[in-house]
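Note sheet for the following structure.
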Amino acid sequence: MNERSCSIGYHLAFLLVLLTRISCLQASAEVMKAGVAKVDITPPPGVQMWGYFDRLKGAEGTLDPLYARVLVLETGTGATGNGRLAYVDLDLGRTFGPASLDQLRAAVKKSSGIDHLIVQATHTHAGPVVMDQYPSATPAWETAALGKIEQAIAQAQQRLVPVRLGVGYREASIGYNRRRPNPDGTVTMIWQNPTRIPTWPVDPTIAVLRIDQMDGQPLAILVNYAAHPVTFGPDNMRFSADFPGVMCKVVEQAFEGKPLAFFVQGAPGDINVFDATTPVAQNAVGRRDWAGETLGNAAAEAAREIHTSTDPDPSIDFAEDSLAMNLRWNPEKFRKEILGTISPKAFELFSPPIQEIMQLPVTTVLIDRKIAIMTMPGEPFVEFQMNFRDRCPVHDCFFLGYSNGYYGYFPTIPAATEGGYGATSATTWVQTGAGEQMVDHSLIELYKMLGRLQDAPRENWQNFR
């Protein structure tokens, strides 16, 4: 072999070793992974419907299916623990009760290695009754739904692929604030607003999280927005996801059906859609479709403009804490007020367990140290969402109501002094100021995750005057 041949052979061998090392480094590098799945959880006809105190008959059928949409995220790093996070988005009026959530949490930990779980409801008012404690056994439809959700989480986990993330924004106006404080100190409830009269406060912000596969194909699109899904009123006797279901279809169709779309409910405690409680005979389906299409088209525009990317050091930081809160009312007076307002049948179906001290779960998530998520277990007024975004230490913030439990309405402190539904009615039962405390708690957790709050005093503190 001549000298030239030896040189070429040496360089080829060196190049092969170099490529092998690069390949090994790429294979071992940490990446964010994601998987999605969807399952139909629609109950059969006859199941009692949720959402209106005067609707006391069982459902007569299904207008459109109720789904559980699942997103699983996985990465190996994070200051508060490694592992897998599952997000479950339910086309229900509220999440399952504590016992069912604990059952699901234990099951998916065992079957899919899920370390962290967020279960949220879209808050449709055309879904089945869900209770913390049932008079007898857990209904068959809920037991079946829990099993299907466990399987969907397993499917999403099995489909995990490396992904890129990106966030974008748009605005849409499909709702209004239904509380109008008057100069004399009273509050007028505006239950419908078909003429689109401007009200305040309202948050028109659409926050969109786009998750792509590494080739740029969209895998999941999460749309965070605040509005009550109450297009259908108490005369509707068929299950429906309301406008969130339409919105998901519009977003998915905009991307040729490739991604799974999620409606991520925000803080709509005082926000109705314009065409709230439209009678079925007055084109309620058409008004539902208008809201869903309007929101979906705006969300799809935002998603198209998002440039997703990978983080060189991907991470998911997660914290869930239980905050002890007192009952706002005198227990006996609270019970009498509920019984004096609704029928005994409605009391049995819709009234909450009366507990003088409640443990409210508040979840805080930080993804890649730049995407923040906080949850509340009930119906927050919209100002909490706006306040959280204004004070959040990172740019991209998502606020989730109706998550990991249900404890009624959370009005702001000023609203609790003014009155109106959800502010001084029996539908709010946690102590005044609970919402403010939960927002503060989540912000503190985020600062801890960012390393900007420590668990020990600063050094050289004695030199400060």
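Positions are given from 1 along the sequence. The model shown is predicted, which means the values in this text are computed figures rather than measured ones.
With contacts defined as side-chain heavy-atom distances shorter than 4.5 Å, the pair L117/K109 does not qualify. R159 has its side chain out of reach of V161: every pair of non-hydrogen atoms, C-beta onward, lies at least 4.5 Å apart. For the pair M325/Q359, no side-chain contact is recorded, criterion being any heavy-atom separation below 4.5 Å from C-beta on. Contact of the V88 side chain with the I118 side chain is not registered, since no non-hydrogen atoms from C-beta on lie closer than 4.5 Å. Here the side chains of V264 and F398 are not in contact, with every heavy-atom distance at 4.5 Å or above. You'll find the side chain of L400 reaches within 4.5 Å of the side chain of I373, heavy atoms only. Using a 4.5 Å heavy-atom cutoff, the side chains of V39 and Y67 are not in contact. Taking the side chain as every heavy atom from C-beta outward, P98 and D132 approach each other to under 4.5 Å.
Without hydrogens or angle criteria, N297 side chain to E293 main chain gives a donor-acceptor distance under 3.5 Å. Remark: side-chain polar atoms of R94 are not paired, donor with acceptor, to backbone N or O of M131 under 3.5 angstrom. Panel note: side chain S403, backbone G401; a donor-acceptor pair is recorded below 3.5 Å. The main-chain N or O of L443 is never found under 3.5 Å from a side-chain atom of R391 such that the two would form a donor-acceptor pair. Of the possible polar contacts, none joining the D89 side chain to the F262 backbone as a donor-acceptor pair under 3.5 Å is found. Side-chain N or O atoms of D368 include none that pairs as donor or acceptor with a backbone N or O of K370 at under 3.5 Å. Checked by atom type and distance alone, the side chain of R196 never pairs as donor or acceptor with a backbone atom of S173 at under 3.5 Å. For D270 (side chain) and V382 (main-chain N/O), a donor-acceptor pair under 3.5 Å exists by modelled atom type. In terms of modelled atom types and a separation under 3.5 Å, the side chain of D242 and the main chain of P244 share no donor-acceptor contact. A donor-acceptor contact shorter than 3.5 Å is absent between the side chain of T62 and the backbone of F239.
R210 and D212 are joined by a salt bridge, as a carboxylate oxygen and a charged side-chain nitrogen come within less than 4.0 angstrom of each other. Of the charged side-chain nitrogens involved, at least one lies within less than 4.0 Å of a carboxylate oxygen, so that E445 and K448 count as a salt-bridged pair.
Looking at every heavy atom in both residues, A241 comes nearest to P65 through CB-O, 4.1 Å. Nearest approach of V250 to G296, heavy atoms of both residues: CG1-C, 3.6 Å. Here the shortest heavy-atom pairing between T231 and R288 reads CG2-N, 3.4 Å. Of all the heavy atoms in V208 and A299, the pair that sits closest is CG2-O, 4.1 Å. Residues R178 and G269 share a closest heavy-atom pair of NH2-O, 3.2 Å. In terms of heavy atoms, V70 sits closest to L260 at O-CD2, 4.2 Å.
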Q: Assess whether salt bridge (Lys or Arg N to Asp or Glu O under 4.0 Å) is satisfied between D311 and R369, documenting all intermediate values.
A: CA-CA 10 Å; D311 192 283; R369 298 175 62 82; over 6 Å; no

Q: Begin from the C-alpha positions of F350 and F53 and carry the test ring pair (Phe, Tyr, Trp, His ring centres under 6.0 Å) through to its verdict.
A: CA-CA 7 Å; F350 303 118; F53 294 124; 5.6 Å; yes

Q: Walk me through it: do V167 and I371 pass the test side-chain contact (heavy atoms from CB on, under 4.5 Å)?
A: CA-CA 8 Å; V167 177; I371 300 172; 3.9 Å; yes

Q: Take I221 and I211 through the side-chain contact (heavy atoms from CB on, under 4.5 Å) test and state the conclusion after the steps.
A: CA-CA 6 Å; I221 297 176; I211 303 175; over 6 Å; no

Q | side-chain contact (heavy atoms from CB on, under 4.5 Å) evaluation trace for W290 with F243 | A | CA-CA 8 Å; W290 174 84; F243 77 82; over 6 Å; no

Q. Can L446 and C392 be said to form a side-chain contact (heavy atoms from CB on, under 4.5 Å), step by step?
A. CA-CA 8 Å; L446 287 171; C392 187; 4.0 Å; yes

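Each ring pair (Phe, Tyr, Trp, His ring centres under 6.0 Å) pair with one or both residues in residues 125-164, not counting sequence neighbours, appears once here: W50-H125, Y52-H125, H123-H125, H125-H228.
For E74, the side chain to side chain donor-acceptor pair (under 3.5 Å) partners at least two apart in sequence or on another chain are R84. Listed by chain and residue number, nothing satisfies the ring pair (Phe, Tyr, Trp, His ring centres under 6.0 Å) test with F96 (two or more places apart in sequence, or in another chain). Annotation: salt bridge (Lys or Arg N to Asp or Glu O under 4.0 Å) contacts of D203 (sequence neighbours excluded): R389. Partners of K258 according to the side chain to side chain contact (heavy atoms under 4.5 Å, CB included) rule, which considers only residues two or more places apart in sequence or in another chain, are Q217, P218, E256. Remark: S240 engages D64 in a side chain to side chain donor-acceptor pair (under 3.5 Å) (not counting sequence neighbours).
Atom CG of D91 and atom OG1 of T122 lie 4.5 Å apart (nearest 0.5 Å). If you take CD1 on I149 and NZ on K38, they are separated by 14.0 Å, rounding to the nearest 0.5 Å. Here the CE-CG distance, from M438 to L323, works out to 7.5 Å after rounding to the nearest 0.5 Å. Here the CG-CZ distance, from L85 to F318, works out to 6.0 Å after rounding to the nearest 0.5 Å. Taken from CG in D440 to CD in E436, the straight-line distance is 8.0 Å, to the nearest 0.5 Å. Between atom CG of residue L295 and atom CD1 of residue I206 there is a gap of 5.0 Å, rounded to the nearest 0.5 Å.
Between Y402 and Q265, the side chains place no donor N or O within less than 3.5 Å of an acceptor N or O (distance only, hydrogens not considered). Checking S442 against T364 by side-chain atom types alone, a donor-acceptor pair falls below 3.5 Å. Side-chain polar atoms of Q120 and T375 form no donor-acceptor pair below 3.5 angstrom. One side chain, S425 or T427, offers a donor N or O that lies under 3.5 Å from an acceptor on the other. For the 3.5 Å distance criterion, the side chains of E320 and T363 qualify, holding a donor opposite an acceptor. Between the side chains of R164 and T308, at least one donor N or O lies within less than 3.5 Å of an accepting N or O. Side-chain polar atoms of E379 and Y407 form no donor-acceptor pair below 3.5 angstrom.
K148 NZ: more than 12 foreign heavy atoms inside a 6.0 Å radius.
In this structure, F410 has its ring center at least 6.0 angstrom away from the ring center of F384.
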